[in-house]
2 protein chains.
Amino acid sequence: MNFKQNLLVRFRLDRKLLGLLLVWTSNFLMQAQVITSPNKNLSLQFELTTNGVPSYQLSYKDKSVIKPSTLGIEIKDAPSFMDGFSLTDSAQSLVDDSWNPVMGEEKIIRNNYNELVVTLAQAKNNNRYIRIRFRLFNDGLGFRYEFPKQTDLNYFVIKEEHTEFKLAGDHKIFWIPGDYDTNEYAYTTSKISEIPSLMKKATIEINSQFPIKDLAVQTPSMMKTADGLYVNIHEAALINYPAMSLNIDAKTFKMSSHLTPDAVGNNGYMQTDTQTPWRTIVVSDKATEILASKMILNLNEPTKYKDVSWIKPMKFIGVWWEYFVAGKSTWAYGKENNVKLGQDFSKLTPNGKHGATNERVKEYIDFASKNNIDAVLVEGWNVGWEDWIGNWKEEVFDFVTPYPDFDVKALHAYAASKGVQIIMHHETSGSATNYERRLDQAFQFMKDNGYNAVKTGYVGQIIPRGEHHDGQWMVNHYIHVAERAADYKIMIDSHEAVRPTGLNRTYPNWIAQESARGTEFEAMGGLAPEHTTILPFTRLMGGPMDFTPGIFQTDLSYYGTGGNQRVNTTLVKQLAYYVTMYSPLQMAADIPDNYNRFPDAFQFIKDVALDWDNSYILEAEPGDYITIARKAKAKNEWFIGGITDENSRTATISFDYLPKGTQYIATIYSDGKDANWNEKPQSYTITKVIVTSKSVLKQYIAPGGGVAISIKTGTASEVKGLKKI
Amino acid sequence: MNFKQNLLVRFRLDRKLLGLLLVWTSNFLMQAQVITSPNKNLSLQFELTTNGVPSYQLSYKDKSVIKPSTLGIEIKDAPSFMDGFSLTDSAQSLVDDSWNPVMGEEKIIRNNYNELVVTLAQAKNNNRYIRIRFRLFNDGLGFRYEFPKQTDLNYFVIKEEHTEFKLAGDHKIFWIPGDYDTNEYAYTTSKISEIPSLMKKATIEINSQFPIKDLAVQTPSMMKTADGLYVNIHEAALINYPAMSLNIDAKTFKMSSHLTPDAVGNNGYMQTDTQTPWRTIVVSDKATEILASKMILNLNEPTKYKDVSWIKPMKFIGVWWEYFVAGKSTWAYGKENNVKLGQDFSKLTPNGKHGATNERVKEYIDFASKNNIDAVLVEGWNVGWEDWIGNWKEEVFDFVTPYPDFDVKALHAYAASKGVQIIMHHETSGSATNYERRLDQAFQFMKDNGYNAVKTGYVGQIIPRGEHHDGQWMVNHYIHVAERAADYKIMIDSHEAVRPTGLNRTYPNWIAQESARGTEFEAMGGLAPEHTTILPFTRLMGGPMDFTPGIFQTDLSYYGTGGNQRVNTTLVKQLAYYVTMYSPLQMAADIPDNYNRFPDAFQFIKDVALDWDNSYILEAEPGDYITIARKAKAKNEWFIGGITDENSRTATISFDYLPKGTQYIATIYSDGKDANWNEKPQSYTITKVIVTSKSVLKQYIAPGGGVAISIKTGTASEVKGLKKI
């Protein structure tokens with residue numbers, strides 16, 4: 001299917017006839033424009049109010065999702081696009097086509113929507129005009145403002161975007177505080193009306209945070225209505241524009257756009273022909289359909305890269321978790337707390353705990369090679385870590401100078417001889433200007449030394465000073481890095497960057513991001529057991545997350561470094577994450593020693609695929625549980641992950657997506673009966689059974705636990721004696 | 001001569017003994033520290049006030065230059081370095097050595113000063129300490145604050161520097177308004193007390209200006225006292241610090257430092273071991289000695305470049321002046337006023353006036369080749385000029401994409417075949433971030449296409465937004481560009497950059513700057529005839545200026561493009577500028593056609609040297625006149641330039657620097673008797689005479705006029721018949 005149709009009515013008014021037709025068109029076009037989703041479940045109505053203010057409303061199966069809400073853009077030092085509009089053109093069309101992502105949860109993604117484009121002119125401003133484009137999919141609505149090239153509009157600065165989302169009730173909402181600089185908050189679940197009283201507690205201390213002064217939450221904002229409707233508000237294709245948070249009116253349940261300002265308080269520098277990102281509202285009465293939605297990807301542009309053959313999924317380990325838990329190693333090499341690029345770092349006083357040594361990295365390479373892990377991430381390899389944080393320092397790292405105990409060329413040769421990649425690490429400490437001015441040299445250094453992927457980091461206050469992680473300048477920066485990386489055929493995994501909006505479709509080498517509270521926080525206070533049942537409904541709506549799962553040694557007192565800190569999951573839940581937390585880049589984050597202690601459980605990590613033909617969201621409820629099955633790309637292998645929150649449950653796992661009539665061997669990694677995230681988290685059992693498309697498994701999951709299943713075809717002898725379910 | 005001595009007293013106190021010695025040292029060290037210049041003319045006294053506030057005073061031949069003035073640095077969110085100091089160490093030394101600049105006004109520069117370094121500790125702040133280093137030369141004082149590495153001081157942010165210069169009276173001052181973004185103001189001459197009433201008028205409109213809200217003027221600040229002392233305040237070695245302006249107290253005649261803030265209002269990010277730039281006070285009772293001073297260069301660090309053989313003087317013409325005056329050509333190629341990088345510029349609608357065409361550039365190359373001019377600057381060669389200005393746009397230029405009618409490779413080949421260089425042009429429109437991220441590619445493009453020098457431009461509001469041309473971030477940017485250019489063996493001529501502070505010693509490939517109101521303003525309202533008698537006492541104190549002299553067709557109505565605009569000089573004064581306005585990079589700025597009309601006068605431009613063994617400031621009075629003679633580097637050729645303001649005068653030109661006993665031929669380019677900047681500016685005479693070291697020439701200079709003389713040895717037949725003076 002690949003066709004476009006103008007289905008319903010289409011008005012295009014000759015501007016010269018505008019005067020003559022004004023009375024007629026005013027009457028005619030003042031009427032509301034309505035489109036429905038292809039399956040008719042969703043209905044979108046657009047109209048201009050009597051003052052010429054754009055207004056839209058959205059309903060799902062006759063339930064109101066968004067009550068009449070106004071739209072507008074406030075301009076700095078020029079007339080705004082807020083009111084006084086008349087409708088001069090209205091066009092509708094149906095699109096139904098499909099495309100193949102470079103990597104993804106589905107091999108084929110269907111792109112099916114009805115579109116309404118309204119052209120709105122301001123007679124009071126010399127008929128200057130904008131367009132609003134609505135795309136109504138079966139799974140939700142996307143719309144954006146467009147600013148075509150026109151005589152009286154070239155450059156303008158946005159003072160604020162005034163997009164309203166008037167919600168139909170006091171919904172349950174899974175939220176984190178609005179913040180210009182960090183997404184790494186823990187989630188609060190409450191009614192919308194409760195947000196004001198909970199905001200202070202929710203705004204926990206995080207490095208380089210900038211909480212929004214207004215009452216605001218971040219997107220993706222996941223909500224559930226009293227009558228069982230799931231509503232998710234986010235944005236798609238965030239390019240050359242600041243990220244949007246949502247101001248909250250806790251009394252009327254109105255959300256409204258709040259853009260991230262720049263250093264001088266402006267909210268976006270625009271040049272026609274241009275547009276805003278898409279504002280997205282994913283809607284369903286089934287939580288599983290929220291997770292299955294590909295609407296945000298569909299609203300992003302196809303990639304312009306001509307060659308994507310070098311973009312590949314990657315499973316990796318890394319010199320990383322030991323920095324958080326083992327107490328035996330550090331990013332820094334020297335004891336000093338005041339260093340400068342250009343000095344001789346070999347003359348520092350070694351602190352004796354440097355992690356990224358030749359010896360240690362070789363151990364990781366050996367482990368990766370032995371276990372068929374693609375790559376080893378090495379953090380702390382380059383000079384500058386002694387005082388990298390908290391000083392708003394411009395030139396912390398140069399990205400090309402290793403510590404004296406890290407031999408770039410020798411380690412590359414060693415890794416290559418073992419068939420293992422090394423993943424580069426570029427921590428910027430928030431100094432994006434420093435990174436940009438060194439970027440070509442940094443990427444050339446990578447290519448010269450065999451690196452094909454880099455983990456980037458933005459810990460710290462942004463430089464250019466006054467800019468924010470989520471502002472227009474930084475939004476452009478991340479994309480600049482991705483595009484420049486593509487010139488060098490380098491893949492990017494960005495940490496502390498702006499929350500993703502489906503740009504991995506357009507820039508497929510930007511393969512994963514952190515941009516949320518990830519595993520590292522398990523070593524810094526712990527994540528709530530429900531956290532990972534929320535993330536797929538929030539953060540992961542925008543794109544793959546480098547969550548860094550795979551922690552087997554969850555009780556961190558094991559390391560004898562003080563405290564009773566723990567990772568708040570069972571061991572099996574960590575396995576399940578490889579399926580529930582989608583990413584084509586997956587870390588096995590624990591220290592190799594711990595995998596050596598549990599080789600049978602580690603087998604799942606070795607086996608699990610990273611790229612998929614199909615995904616099946618079997619069960620899901622935000623804050624409670626998620627069960628997903630996925631078919632490996634171009635292989636007759638399936639992997640299932642199921643997780644729960646702090647409560648035990650019995651997952652109902654169907655297998656009806658398996659080809660009919662064939663028996664498969666399912667290896668089930670399940671929590672022990674006595675397992676619990678807080679006690680005996682390492683109690684697990686591994687059983688093999690035979691499954692067919694007709695099988696249904698009722699699987700116990702421990703509190704804070706999970707289940708992981710791998711499914712393969714088996715030879716007759718392998719199948720023999722296995723129980724069939 | 002190359003020796004260092006500790007001459008006078010030296011105290012260094014063991015910190016452990018500090019307590020025991022406190023009473024004794026307090027008494028002893030509370031006494032003023034005094035040093036004199038090597039020739040004893042200048043005397044500097046330092047002391048701590050009773051509150052432990054640092055204070056200094058400066059006198060010249062027993063006349064007070066700076067009355068007791070306090071010193072201090074205010075720190076953000078931490079204790080300041082303002083008071084509560086005790087003197088814990090005081091060291092004096094004499095330095096007398098010399099060095100050879102890569103290019104310059106002198107082949108050998110003597111560096112001779114007495115130094116006083118005081119170490120000042122704050123008992124109230126855990127004995128945190130700073131140093132103040134004073135260097136007293138025969139021609140003035142330099143001093144700076146130093147922040148050594150110490151346990152209790154690593155990183156700090158400067159809120160304001162409080163360096164006072166309490167002047168001894170209501171001096172005459174040549175000033176331009178304090179501004180964070182531009183140096184391109186016209187000079188006002190007044191008493192200090194008159195500045196408040198004149199500031200508004202002086203603050204004329206200039207592109208991208210940011211006048212300082214306080215009453216402030218820029219440095220170099222040139223003053224003359226009622227009793228004939230010349231005092232010049234500026235700074236040297238402005239590195240990793242914001243540029244300083246001077247707040248004015250018009251009643252007490254106190255000047256005080258005013259730093260250029262960053263985007264969030266901070267005035268400098270500091271990491272020990274570090275220091276401020278030098279604050280400089282050049283003093284003499286002879287104006288000629290102000291111009292002869294090399295103190296600012298001496299206070300800069302020697303270059304770290306290992307190879308400087310590729311750094312050479314350069315005389316050039318350019319596709320440039322015609323953009324201002326001829327009305328026949330433009331930087332832009334297209335008629336459009338809204339373009340974006342990446343679009344196909346060959347599809348623009350040509351405006352029919354594009355200047356940088358293959359044909360036109362070849363004409364310039366031909367002219368340069370024929371007249372032994374080293375190079376041709378071409379502005380407007382690259383895409384983006386259609387809407388380059390005024391939009392605070394980040395990505396205006398990419399520095400690598402030519403317009404469709406400019407063939408980079410063909411023109412390079414053509415120029416090379418004629419022995420001519422092409423000078424690259426990188427206008428950034430103030431978007432320094434865009435320039436930095438493209439810098440490596442831009443420089444590589446230059447090397448790939450045979451370019452060895454680039455004129456950079458910063459017209460427009462700076463990006464990073466909120467930063468200023470003269471702030472710390474941009475100060476670092478210019479240096480970054482110079483250093484990176486050196487990696488590619490590229491020379492830099494920066495326009496609209498921060499005013500220079502002698503950094504051409506440290507970064508000798510940064511060969512010239514504009515950073516003042518230059519010739520282009522002759523086409524935009526005109527320069528006052530006195531302007532160029534002031535610039536050498538102000539702007540040029542910091543380093544070479546790309547003033548772009550050489551305009552022969554001064555009456556711009558010649559071009560028939562409307563108005564009676566004119567360049568406010570005689571033709572001969574334009575010749576004199578090649579000597580009075582020092583730069584190793586000199587443009588012959590007029591259109592070649594005009595040089596073809598006056599070939600005999602153009603001969604001086606062809607002949608004049610760019611690099612010198614010696615310079616002799618024969619006569620000078622700021623605002624009135626300047627006469628300078630210089631000996632060409634490694635040649636027995638001398639060139640003399642003399643200029644006057646709007647008043648005619650008779651210059652007294654001595655030749656006593658010529659080797660004794662030899663006759664030389666002097667070719668004298670002088671204003672015609674009827675010449676005047678406003679009428680008959682092209683009236684001139686050229687005469688040849690014989691001069692010896694005993695000659696003295698009394699030379700008439702017309703109002704707004706000048707004199708230019710070239711001196712060479714002559715053969716007997718050449719000398720024959722010439723008059724001897």
Side-chain angles (χ1 to χ4, degrees), chain A residues 76 149-151 153-157 240 261-266 269-274 304 336-343 386-387 390-396 432-444 461-467 471-473 476-477 480-481 483-484 487, chain B residues 76 149-151 153-157 240 261-266 269-274 304 336-343 386-387 390-396 432-444 461-467 471-473 476-477 480-481 483-484 487:
Chain A
K76 188 180 177 189
K149 219 181 228 192
Q150 54 196 288
T151 309
L153 190 66
N154 281 313
Y155 291 89
F156 58 100
V157 175
N240 197 18
D262 80 341
V264 298
N266 290 332
Y269 299 85
M270 310 291 277
Q271 177 188 4
T272 60
D273 189 2
T274 193
K304 286 176 189 156
E336 289 74 1
N337 63 349
N338 178 340
V339 298
K340 288 180 185 176
L341 290 178
Q343 78 179 72
E386 284 73 15
D387 59 357
N391 299 311
W392 222 2
K393 179 179 174 181
E394 174 117 16
E395 303 234 304
V396 178
T433 45
N434 181 48
Y435 192 35
E436 288 203 0
R437 73 172 63 102
R438 296 172 186 275
L439 198 59
D440 276 307
Q441 295 185 357
F443 285 160
Q444 190 59 52
Q461 278 186 285
I462 292 298
I463 304 178
R465 296 188 182 91
E467 298 291 343
Q472 184 185 26
W473 198 91
N476 289 342
H477 165 81
H480 168 68
V481 170
E483 287 189 306
R484 190 61 60 91
D487 293 340
Chain B
K76 189 180 177 189
K149 219 180 230 195
Q150 52 196 288
T151 308
L153 190 65
N154 283 311
Y155 291 90
F156 58 100
V157 175
N240 197 17
D262 80 340
V264 298
N266 289 332
Y269 299 85
M270 310 291 279
Q271 177 189 1
T272 60
D273 187 5
T274 191
K304 286 176 189 159
E336 289 75 1
N337 64 350
N338 178 339
V339 299
K340 288 180 185 175
L341 290 177
Q343 78 179 73
E386 284 73 16
D387 60 356
N391 299 312
W392 222 1
K393 179 179 174 180
E394 174 117 15
E395 302 235 303
V396 178
T433 46
N434 180 49
Y435 191 36
E436 289 202 0
R437 73 170 65 100
R438 296 173 186 274
L439 199 58
D440 276 307
Q441 295 184 357
F443 285 160
Q444 190 58 54
Q461 278 186 285
I462 292 297
I463 303 178
R465 296 189 182 92
E467 298 291 344
Q472 184 184 27
W473 198 91
N476 289 343
H477 165 82
H480 167 69
V481 170
E483 286 189 308
R484 189 62 60 92
D487 293 339

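Worth knowing before you read on, the calculation uses all heavy atoms, side chains too, and leaves out hydrogens, waters and symmetry mates. The chains referred to below are lettered A, B, ... by the order of the sequence lines, with proteins before strands, and numbering in each begins at 1.
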Among Asp262(B), Asn266(B), Asn337(B), the residue with the most heavy-atom pairs under 4.5 Å to chain A is Asn337(B)
Applying a strict 4.5 Å limit to non-hydrogen atoms, the region of Glu394(B) in contact with chain A is side chain
Nearest heavy-atom approach of Trp473(A) to Ala432(A) is CZ3-CB, 3.8 Å
Bottom line for Asn338(B): the part with an atom under 4.5 Å from chain A's heavy atoms is both
Looking only at Glu467(A), His477(A), Arg465(A), Arg438(A), most heavy-atom pairs under 4.5 Å shared with chain B are made by Arg465(A)
Most contact-rich option vs chain A, by heavy-atom pairs under 4.5 angstrom, among Asn391(B), Val157(B), Asp440(B), is Asn391(B)
Counting heavy-atom pairs under 4.5 Å with chain B, the top scorer among Asn154(A), Asn476(A), Asp273(A), Thr433(A) is Asn154(A)
In short, Val481(A) meets Tyr435(A) closest at the heavy-atom pair CG2-CE2, 3.9 Å
The salt bridge (Lys or Arg N to Asp or Glu O under 4.0 Å) partners of Lys393(A) (sequence neighbours excluded) come to Asp387(A)
Most contact-rich option vs chain B, by heavy-atom pairs under 4.5 angstrom, among Val264(A), Ile463(A), Leu439(A), is Val264(A)
Output, in order, the C-alpha distance, side-chain angles, deciding distance and verdict of salt bridge (charged side-chain N to carboxylate O under 4.0 Å, His left out) for Glu395(A) and Arg437(A). CA-CA 10 Å; Glu395(A) 303 234 304; Arg437(A) 73 172 63 102; 2.8 Å; yes
Correct closest heavy-atom pair for Thr272(A) and Leu153(A) would be OG1-O, 3.0 Å
Closest non-hydrogen contact found for Tyr269(B) with Gln472(B) is N-OE1, 2.9 Å
Turns out that what part of Val339(B) lies under 4.5 Å from chain A's heavy atoms comes down to backbone
